[in-house]
Amino acid sequence: MPARILDGKALANRVTGSIRERVAARIAAGRGVPTLAVVLVGEHPASQVYVRNKRRTTETVGMGSRAFDLPADVAEREVLDLIDRLNGDPAVHGILVQLPLPPQIEPERVIEAIDPAKDVDGFHPYNVGRLVLRMPLLRPCTPLGCMKLLAETGEPLAGKHAVVIGQSNIVGRPMALELLMERCTVTICHSATRDLPGLVRGADIVVAAIGKPAFVRGDWIREGAIVIDVGINRGADGKLCGDVDFAGAAERAAWITPVPGGVGPMTIAMLLSNTLQAAEAIDGRPSG
């Protein structure tokens, strides 16, 4: 039986619809407009597309959007000074610095410079540490979106064996932490993993986040597994594809996310959710 599709676009539309209503109610009550500041350094084509989508969706739900587009040769000090100003601006509730950054800028230093209360990407060590301790506040957007998609299956996650392929700070590691919070047994795989196909074949849940087109073969997927494909790649034919051989995996899996239209829309929806959450938390934070 072919896999059922986890429609991230449809779910994201429901999430953003709810956010739109909450933002409107907030504004009607006389509270500030939740505002996201997006910092883009350079002219990386994929980053420009991501940022354009984020800005458009932010405005669609009634939030404020501030754009800070900096040249590729900007000094790191200038980026840090901008973040410092945004940290101190009470009208800004969320700060996002689009990755990757040019080589003269250390991404870890930039991430740590963001006020954790405005870190709507969820990458600051404080927010990641809260996730480790099962006390999450602002959570990394892509893994959180993946968890929302897993919830759509209606299947209990506790006790399932989840295999996460990829160990990046952006997806793989926080994804493993999210799954652990749901009491999954988690295996993180990477370039030094032995017998990756064998590990994947034993998984109830497969999360692929390695950035290699169709790397995960369909015959690696066990019957009835849930497949979450985080990859967004450009195939030889110019079309977008994921890290998983979709056609082959869909013959065996119970549920699968498409590319495009799966995890991607949920990442942006979770960014907006984090921005609203940050605004509401900042409302209650003592001034000064």
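Side-chain atoms are counted along with the backbone in the values below, which use heavy atoms only and exclude waters and symmetry mates. Just so we're clear, the structure is a prediction, and the values are computed from it rather than from any experiment.
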Look only at the side chain of [X] and the backbone of [Y], and say whether a donor-acceptor pair between them is shorter than 3.5 Å.
X: N233; Y: G235; result: no
X: D243; Y: K212; result: yes
X: R173; Y: Q167; result: yes
X: H124; Y: E112; result: yes
X: N87; Y: D115; result: yes
X: K118; Y: V92; result: yes
X: T153; Y: L150; result: yes
X: T60; Y: R56; result: yes
X: Q104; Y: A72; result: yes
X: S65; Y: T58; result: no

Shared ILVMFWY cluster between [X] and [Y], side chains joined below 4.5 angstrom?
X: I170; Y: V207; value: yes
X: L180; Y: V163; value: no
X: V259; Y: F215; value: no

_Under the side chain to side chain contact (heavy atoms under 4.5 Å, CB included) test against M270, which residue among D121, V15, T275, T142 passes?_
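Answer after filtering D121, V15, T275, T142: V15.
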*asked:* Using the rule given for salt bridge (charged side-chain N to carboxylate O under 4.0 Å, His left out), can you reason through D7 versus K9, listing the C-alpha separation, both sets of side-chain angles and the distance that settles it, and then say yes or no?
replied: CA-CA 6 Å; D7 189 338; K9 186 175 182 180; over 6 Å; no
*Could you check D119 against R139 for salt bridge (charged side-chain N to carboxylate O under 4.0 Å, His left out), going step by step and ending with a plain yes or no?*
CA-CA 9 Å; D119 167 41; R139 296 149 74 173; over 6 Å; no
*asked:* Does any part of the side chain of Y50, heavy atoms only, come nearer than 4.5 Å to the side chain of T267, both counted from C-beta?
replied: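 T267 vs Y50: side chains apart.
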*Identify the two heavy atoms, one from V244 and one from A208, that lie closest to each other, and give their separation to 0.1 Å.*
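Distance-wise, the nearest heavy atoms are CG2-CB, 3.7 Å.
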*Taking atom NE2 of H161 and atom CZ of R222, what is their separation to the nearest 0.5 Å?*
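Answer rounded to 0.5 Å: 9.5 Å.
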*Looking just at side-chain N and O atoms, do R130 and N127 make a donor-acceptor pair shorter than 3.5 Å?*
no
*Thinking salt bridges, do R14 and E152 make one under a 4.0 Å N-O criterion?*
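A salt bridge links R14 with E152.
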*asked:* Can you list, by chain and residue number, the hydrophobic cluster partners of V51 when the side-chain cut-off is 4.5 Å?
replied: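 In the cluster with V51 are L36, V38, L40, L96, V120, L271.
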*Intermediate values then yes/no, salt bridge (charged side-chain N to carboxylate O under 4.0 Å, His left out), D81 and R77*: CA-CA 6 Å; D81 287 345; R77 184 70 261 165; 3.1 Å; yes
_I'd like to check the side chain to side chain contact (heavy atoms under 4.5 Å, CB included) partners of R31; sequence neighbours left out, ordered by chain and number._
R26, A29, E280, D283
